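Scroll down for the structure; my scribbles are underneath it.
No experiment lies behind these values; they were computed from the predicted model shown.
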Amino acid sequence: MSRILLLFNQEAQLVKALRKQDPKAQRQAYEKYSSRMLGLCFRYSGDEMIAEDIMVEGFMRVFSKIDQFSGDGSFEGWIRRIMVNEALGHLRKQKRMLEDTLSDEAENIPDYALADQNLNAEELLDLIGELPIGYRTVFNLYAIEGYAHSEIAGMLGITESTSKSQLHRARALLQKMVFEWEEGFKKKVEYEKASC
């Protein structure tokens, strides 16, 4: 493994070797980016096995479309866009997409104060993973990937106002979930103090 890393120590060298379909370069690219890309795919699918399937399909697309990478911008960013598109394609195939048919209860969620620093990033990602698929997809695209509502609308085949609505509902529901998590955390701390 260490010899492989030495062979392609710069991004440009790695891309050049990938264009020649070098198996060692493909392995290095997979090993270098797979953990981050698996996390990205999981945020959309909510299932580890499905996320892994999406990621593998994404890497196959990366290797087959490597000639389309212009070299402008980051190679990792290009891979991320492919992974996002693969995840969205999977959701479309599953016909679990985003029409504004999700429960109206999200419109009635009160505005909760955000939790304090007791909630770590991994726990927050777990809560995001519990969002309904439509909310989670738009939230990931907007808040994590940085796409604009107009881009999201085009990617998902929805209106810009639906994208905004889904994001608003996702944030409201996430705030409720964080508030409930925080309340549970406080009860746990109080119980532990009382039992000491």
Side-chain angles (χ1 to χ4, degrees), residues 1-98 120-158 163 166 170:
M1 171 60 190
S2 62
R3 283 191 285 170
I4 293 173
L5 287 176
L6 293 175
L7 288 175
F8 312 111
N9 60 357
Q10 293 184 349
E11 191 173 273
Q13 292 174 325
L14 179 61
V15 170
K16 185 177 179 181
L18 288 171
R19 286 190 171 127
K20 294 178 181 176
Q21 298 180 342
D22 184 321
K24 291 177 183 174
Q26 290 173 342
R27 180 178 176 182
Q28 181 182 341
Y30 183 86
E31 289 176 355
K32 182 175 181 178
Y33 299 111
S34 63
S35 63
R36 285 176 272 183
M37 297 308 139
L38 182 60
L40 180 150
C41 295
F42 181 77
R43 285 196 309 268
Y44 289 93
S45 69
D47 179 277
E48 287 181 38
M49 291 183 70
I50 292 172
E52 192 168 333
D53 288 344
I54 293 169
M55 180 191 67
V56 168
E57 290 293 322
F59 272 108
M60 289 172 53
R61 187 166 306 270
V62 165
F63 300 148
S64 69
K65 304 285 185 184
I66 189 66
D67 289 332
Q68 294 179 6
F69 177 63
S70 65
D72 296 335
S74 125
F75 182 54
E76 182 177 355
W78 184 75
I79 294 173
R80 289 180 72 83
R81 281 191 298 279
I82 289 175
M83 294 297 170
V84 167
N85 288 332
E86 283 297 312
L88 295 177
H90 174 78
L91 293 175
R92 275 188 221 100
K93 286 179 197 169
Q94 299 303 313
K95 297 185 187 213
R96 296 170 59 189
M97 280 319 288
L98 300 170
N120 68 37
E122 186 175 323
E123 291 162 330
L124 182 58
L125 287 174
D126 289 343
L127 291 177
I128 292 168
E130 293 176 21
L131 290 170
I133 188 80
Y135 296 177
R136 181 176 68 227
T137 301
V138 172
F139 185 86
N140 281 328
L141 288 169
Y142 184 85
I144 297 176
E145 303 300 331
Y147 288 100
H149 285 293
S150 58
E151 294 172 303
I152 295 169
M155 294 167 84
L156 301 178
I158 59 176
S163 176
Q166 295 282 317

Let me confirm one number: the [atom1]-[atom2] distance from [X] to [Y], rounded to the nearest 0.5 Å.
X     : Y      : atom1 : atom2 : value
Leu88 : Lys93  : CG    : NZ    : 12.0 Å
Gln68 : Arg19  : CD    : CZ    : 10.5 Å
Asp53 : Cys41  : CG    : SG    : 10.0 Å
Phe63 : Asp22  : CZ    : CG    : 10.5 Å
Arg81 : Tyr147 : CZ    : OH    : 6.5 Å
Lys20 : Gln26  : NZ    : CD    : 13.5 Å

- Message: If the condition is ring-ring contact (aromatic ring centres under 6.0 Å, His included), which residues does Tyr30 pass it with, not counting sequence neighbours?
- Response: Phe59
Side chains of [X] and [Y], heavy atoms from C-beta outward: is any pair under 4.5 Å?
X      : Y      : result
Leu156 : Val138 : yes
Met155 : Asn85  : yes
Tyr44  : Ile54  : no
His149 : Tyr142 : yes
Ile66  : Phe75  : yes
Phe69  : Ile79  : no
Arg43  : Arg136 : no
Lys24  : Arg27  : no

Of all the heavy-atom pairs spanning [X] and [Y], show the shortest one and how long it is.
X      : Y      : value
Glu151 : Ala148 : OE1-N, 2.7 Å
Ile50  : Ser45  : CG2-CB, 3.7 Å
Ala29  : Leu18  : CB-CD1, 4.2 Å
Glu11  : Glu76  : OE1-N, 4.4 Å
Glu145 : Arg80  : OE1-NH2, 3.1 Å
Ile158 : Ile152 : CG1-O, 4.5 Å

- Message: Show, in sequence, the C-alpha distance, side-chain angles and deciding distance for Met60 and Val56, and conclude whether the side-chain contact (heavy atoms from CB on, under 4.5 Å) test is met.
- Response: CA-CA 6 Å; Met60 289 172 53; Val56 168; 4.2 Å; yes
